[in-house]
Amino acid sequence: MTYHPKSDFIRVMMTRGFLADCTDYQALDEAFAAGVVPGYIGFDATAKSLHVGSLIQIMMLRWLQKCGGKPIVLMGGGTTKIGDPSFRAEERPLLTDDQINANIAGIKRAFSPYVTFGDGATDAIMVNNAEWLDSLNYIGFLRDIGRHFSVNRMLSFESVKSRLDREQSLSFLEFNYMILQAYDFLELNRRYGCLLQMGGSDQWGNIVNGVDLTRRVISGEVFGLTSHLLTTSDGKKMGKTAGGAVWLNGDMFSSYEFWQYWRNTTDADVGRFLKLYTDLPLDECNRLGALQGSEINAAKVILANEVTTLLHGAEAAAAAEATARAVFEGGGVGDDLPTVALAPEEVADGVGIVQLLVRAGLAGSGKDAKRLIAEGGARMNDEIIIDAGLRLGAGDLAEPVKLTAGKKRHALVTLG
């Protein structure tokens, strides 16, 4: 029997392809139909920016607000001090308080383009779990919270079980992570009336723990909902390129590179990504995703423009498209390409082409750059590079040099 949602939020989660699991989607649907539902997603501060892999979670918060809910963005200032062990082969490196705070300052920038913050009933708020985790009394926490957790059950969760099955060490510090995440839900419920925790499907075990703890303590109904963990149709993990992560902060990954990442989407993913990462109506997403042959390229440009406009603004998206047209159609260099600006002293003895490909983000390492050259996939000013030992001096850089990897990724090298 097909379920017909009563609320806009559950309908969006189902029809646009977000929903993987929910603790009780019909009861959650009733809650949304009845009033404002505050819901949260947590983001640990392990880097100075989130990357595209987190964008599906941000879009869930965006739709939550668009559908009349209240988004709570939880910064993991406390939990980052432990590190989420879910599906990791080894323990995360421990960060200092200063590193965590610097990362949080960078991460915050990614949210304001997607949700509206303020004091209204459906305005988003941002909180930091260090507010309650840093001051926990250990004995009191074990007595009041720890007694609700079964070690047998915690060991059965796939995120933990897979680590132990491979006989890889799981520290007691890491083992505590799921208890602290569960406690976050309880605290957010107490402080802000939060009724919903969301996350990727790899967080299902942690989310179920939070739902169970909160229900036990408050004797009320709360919910968990997860999205699919996305890979591209060719099996690649979302958010990675040959040059590294696709960061959301513009100073770490330019708006042009971001636009180009989406323009390079494989044909099979266009419709799905339009539903997940844009606000376009569902019918239009389906229409564009069904295009074939050369027509699908127009849909990819729309995808790139829509996603880039949400994050970086319409002007940045238009500039990226104009640069792409100049590069691909006119053979030019465009005004918005990623640029490596070299100081004169850097080229005094010449600078290697392998080093430049890596610095431009066109190769992940020197080894990758050499392989790219050997396979004929690297170009300089549209000419194939055949010598991995090539070095460029000041004379070679009198005019900007265009580097290309494959057919679609470009960068400029200039001499300051």
Side-chain angles (χ1 to χ4, degrees), residues 40-61 71-112 114 126-134 136 157 159-160 162-163 168-185 187-188 197-207 209-210 226-227 229-231 236-241 243-253 258 261 311 361 364:
Y40 92 95
I41 300 178
F43 300 87
D44 278 347
T46 54
K48 290 185 178 179
S49 170
L50 298 174
H51 59 66
V52 161
S54 297
L55 192 52
I56 190 170
Q57 313 302 331
I58 298 175
M59 288 300 294
M60 289 168 75
L61 291 172
I72 300 174
V73 180
L74 181 66
M75 293 286 99
T79 43
T80 305
K81 295 172 184 176
I82 293 177
D84 185 359
S86 298
F87 299 100
R88 289 183 62 86
E90 56 189 23
E91 189 171 355
R92 294 181 187 270
L94 296 180
L95 302 179
T96 66
D97 286 356
D98 287 344
Q99 289 173 317
I100 292 171
N101 291 333
N103 288 346
I104 287 175
I107 287 171
K108 284 180 176 180
R109 293 158 48 191
F111 292 95
S112 56
Y114 294 95
M126 182 176 287
V127 294
N128 187 335
N129 62 17
E131 292 178 23
W132 52 85
L133 295 183
D134 280 4
L136 280 179
F157 285 117
S159 57
V160 172
S162 61
R163 183 101 156 248
Q168 292 163 331
S169 175
L170 179 72
S171 72
F172 180 68
L173 179 70
E174 292 176 285
F175 192 55
N176 277 269
Y177 185 93
M178 67 176 74
I179 301 180
L180 296 181
Q181 183 172 326
Y183 184 64
D184 283 344
F185 197 178
E187 273 298 314
L188 289 171
Q197 180 182 176
M198 299 185 291
S201 57
D202 61 336
Q203 294 296 311
W204 180 248
N206 290 338
I207 289 173
N209 270 331
T226 60
S227 65
L229 286 184
L230 280 193
T231 57
K236 294 179 181 176
K237 191 174 182 180
M238 284 291 292
K240 298 289 185 181
T241 69
V246 181
W247 301 109
L248 299 185
N249 288 10
D251 57 345
M252 295 174 65
F253 199 79
F258 187 78
Y261 173 80
L311 179 60

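If you're wondering where the values come from, they're calculated on a predicted model, not measured in any experiment.
Between S227 and M198, the closest side-chain pair of non-hydrogen atoms is not below 4.5 Å. K81 has its side chain out of reach of L95: every pair of non-hydrogen atoms, C-beta onward, lies at least 4.5 Å apart. Residues M59 and Y114 have side chains in contact (heavy-atom distance under 4.5 Å, counting atoms from C-beta outward). Contact of the I41 side chain with the F43 side chain is registered, since non-hydrogen atoms from C-beta on lie closer than 4.5 Å. Proximity of E187 to L133: side-chain heavy atoms (C-beta onward) are nowhere separated by under 4.5 Å. The shortest side-chain heavy-atom distance between V127 and L188 falls under the 4.5 Å cut-off. Under the 4.5 Å side-chain criterion, counting only non-hydrogen atoms from C-beta, F258 is not in contact with W247. Inter-residue side-chain proximity for I179 and N209 is flagged as unmet; no heavy-atom pair is nearer than 4.5 Å.
In this structure, CE in M126 is found 4.5 Å from CE in M75, a value given to the nearest 0.5 Å. The distance from the CD1 atom of I58 to the CG atom of L248 is 5.5 Å, given to the nearest 0.5 Å. Once rounded to the nearest 0.5 Å, the distance linking CD of Q197 with CD1 of I207 reads 4.5 Å. Considering CG of L180 and CG of N129, their distance stands at 8.0 Å, rounded to 0.5 Å. To the nearest 0.5 angstrom, N101 atom CG is 8.5 Å from T96 atom OG1.
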Checking salt bridge (charged side-chain N to carboxylate O under 4.0 Å, His left out) for the pair R109/D251: CA distance, chi angles, key distance, verdict?
-> CA-CA 11 Å; R109 293 158 48 191; D251 57 345; 3.3 Å; yes

Decide yes or no on ring pair (Phe, Tyr, Trp, His ring centres under 6.0 Å) for Y40 and F185, but give the supporting numbers first.
-> CA-CA 8 Å; Y40 92 95; F185 197 178; 5.7 Å; yes

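Summarising the geometry of K48 relative to N249, their closest heavy-atom pair is O-ND2, 3.3 Å, with the distance given to 0.1 Å.
No side-chain donor-acceptor contact under 3.5 Å links Q181 and T79. Of the N and O atoms on the side chains of Q203 and N206, at least one donor lies less than 3.5 Å from an acceptor on the other residue.
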